[in-house]
Protein chains: 2
Amino acid sequence: MDTNPQAQQGPDDGFLDTCLFFTANRLGRAITRMAEEEFAPTGLTPMYGYVIRLVNGSPGISQKELASKLSIAPSTLTRFIDKLEIRRLAERRVDGKTVRVYPTPKGLELGDTIVEASRSLRVRYEELLGPEMARKLSEDLKTASGTLE
Amino acid sequence: MDTNPQAQQGPDDGFLDTCLFFTANRLGRAITRMAEEEFAPTGLTPMYGYVIRLVNGSPGISQKELASKLSIAPSTLTRFIDKLEIRRLAERRVDGKTVRVYPTPKGLELGDTIVEASRSLRVRYEELLGPEMARKLSEDLKTASGTLE
DNA sequence: TTTCATATATTGTATGTACAACTAAAATTA
DNA sequence: TAATTTTAGTTGTACATACAATATATGAAA
């Protein structure tokens, strides 16, 4: 039991729940935890899974395009591809000043498992939020980041 | 409206925009960038600013409560408070097995600047999203993380 | 053709965040 | 009261992510 009279609601707590920075990142942390659990069978964290999915679906895609689709910094993607290459899950080929990324047999093999993990993740959060709320929320989040970027 | 299902997209890109893990984190990255800019005058990143605001508003709040209000792991908060203490922006006092955190003069002084930065941030994203959309989105995000946690 | 400007990617460095293992203190129970 | 369990916090370690500085390759201009 909590005997602190201010435990439930401090004098000035409301700002957190109405700040988009805070609420967006809080949801990000919560769903990342969930996504990491569902992606455990792939042996990858969700972002790596999505990189592989993009590469398998667009062999030879450039790193620039990948970073843009994923909305991450190019340097972040460099590190991702480094690790995927070490594990033979994707392969770089230099093409002038761009670097193209290609699937590997091992990466292609993982495709179904990744799709399955994405599906489990969706099922799981749709059960909690309701499919319609989940869909609407993703859509609003997409619109909002498009507007803010 | 876009009638071509593959316009501006590779063969299998749609999964990103309908995945709540991805859309939530993408918005998180976008608004974090914006928040860091607006908080620059405070000399703090936004999360540190919010820790100070909570501590100033509830002197003696325990780390457990702080972590809970911020929805971050206790270990993360330990690191935050370490750094705030080094900069004399907050102060720990051990109280049995809990640790209470108190404001310092320097931390209290920063209060107004932090509130002002939060306000600028809000103004900025409301200009882009519209106040109603911004409000609704924060609310939905709050509800969703409450449900998923 | 040499030089300059631009685009792409990488590297160095720093921060936010978490989990697992550990320590210390309090609460419970025997 | 001694032993056990629970709770709060810290530390070691690891990963995602970004920015600034740098390298390399292409394209443009002289």
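Nothing here was measured: the structure is a model prediction, and the numbers come from that model. Proteins come first, then strands; the chains are lettered A, B, ... in the order of their sequence lines, and each starts at number 1. Side-chain atoms are counted along with the backbone in the values below, which use heavy atoms only and exclude waters and symmetry mates.
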- Query: Given A:L137 and B:L141, is the side-chain contact (heavy atoms from CB on, under 4.5 Å) satisfied, shown in steps?
  - Reply: CA-CA 8 Å; A:L137 191 50; B:L141 288 168; 4.2 Å; yes

- Restricting to pairs with a member in residues 130-149 of chain B, which pass ring pair (Phe, Tyr, Trp, His ring centres under 6.0 Å), not counting sequence neighbours? none

- Message: So does B:K142 get a backbone contact from the side chain of B:S145, meaning a donor-acceptor N/O pair under 3.5 Å?
- Response: yes

- Message: Closer than 3.5 angstrom, by distance alone: can the side chain of A:R26 be matched with the main-chain N or O of B:S71 as a donor-acceptor pair?
- Response: no

- Query: Do B:T147 side-chain atoms and A:L129 backbone N/O form a donor-acceptor pair below 3.5 Å?
  - Reply: no

- Would you list the pairs meeting salt bridge (charged side-chain N to carboxylate O under 4.0 Å, His left out) in which at least one residue belongs to residues 32-44 of chain B, sequence neighbours left out? B:E37-B:R124, B:E38-B:R124

- Message: In this structure, would A:Y102 and A:L66 fall into the same cluster of hydrophobic residues linked by side-chain contacts under 4.5 Å?
- Response: no

- Task: Measure the CG-CE distance between A:D140 and A:M133 for me, rounded to the nearest 0.5 Å.
- Result: 8.5 Å

- Message: Checking the side chain of B:R122 only, and the main-chain atoms of B:A134 only, is there a donor and an acceptor separated by less than 3.5 Å?
- Response: no

Pairs of donor and acceptor atoms involving the side chains of residues 106-116 of chain A, under 3.5 Å and at least two apart or interchain, shall be tabulated with distances.
from, atom 1, to, atom 2, distance (Å)
A:K106, NZ, A:R87, O, 2.9
A:E116, OE1, A:R119, NH1, 3.1

Without placing hydrogens or testing angles, list every side-chain donor-acceptor pair under 3.5 Å for residues 77-84 of chain B, not counting sequence neighbours.
from, atom 1, to, atom 2, distance (Å)
B:T78, OG1, B:P74, O, 3.2
B:D82, OD1, B:R92, NH1, 3.0
B:D82, OD1, B:R92, NH2, 3.0

- Task: Can you sort out which residues in residues 21-44 of chain A have a heavy atom within less than 4.0 Å of DNA chain D? Ascending by number, please.
- Result: none

- Item | Listed once per pair and sorted, the ring pair (Phe, Tyr, Trp, His ring centres under 6.0 Å) pairs that draw on residues 119-148 of chain A, sequence neighbours left out | none

- Item | Span of DNA chain C, from the first to the last nucleotide whose atoms fall under 4.0 Å of chain B heavy atoms | C:dG16 to C:dA26

- B:I72 versus B:M47: any side-chain heavy-atom pair under 4.5 Å? yes

- Query: Which residues, if any, of residues 140-149 of chain A bring a heavy atom under 4.0 Å of DNA chain C?
  - Reply: none

- Message: Show me the pairs that pass ring pair (Phe, Tyr, Trp, His ring centres under 6.0 Å) and involve residues 23-47 of chain A, at least two apart or across chains.
- Response: A:F39-A:Y50

- Note on the structure: The contact string for nucleotides 6-13 of chain D, one letter per nucleotide 5' to 3', using protein heavy atoms under 4.0 Å with B, S and - for base, sugar-phosphate only and none, comes out as -BSSBBBB

- ring pair (Phe, Tyr, Trp, His ring centres under 6.0 Å): which pairs involve residues 56-77 of chain B, sequence neighbours left out? none

- Item | Of B:D95 and B:T76, the one whose closest DNA chain C nucleotide lies more 5' | B:T76

- To the nearest 10 degrees, the angle between the two end axes of the helix from C:dT1-D:dA30 to C:dA30-D:dT1 (five pairs per end) comes to 0°

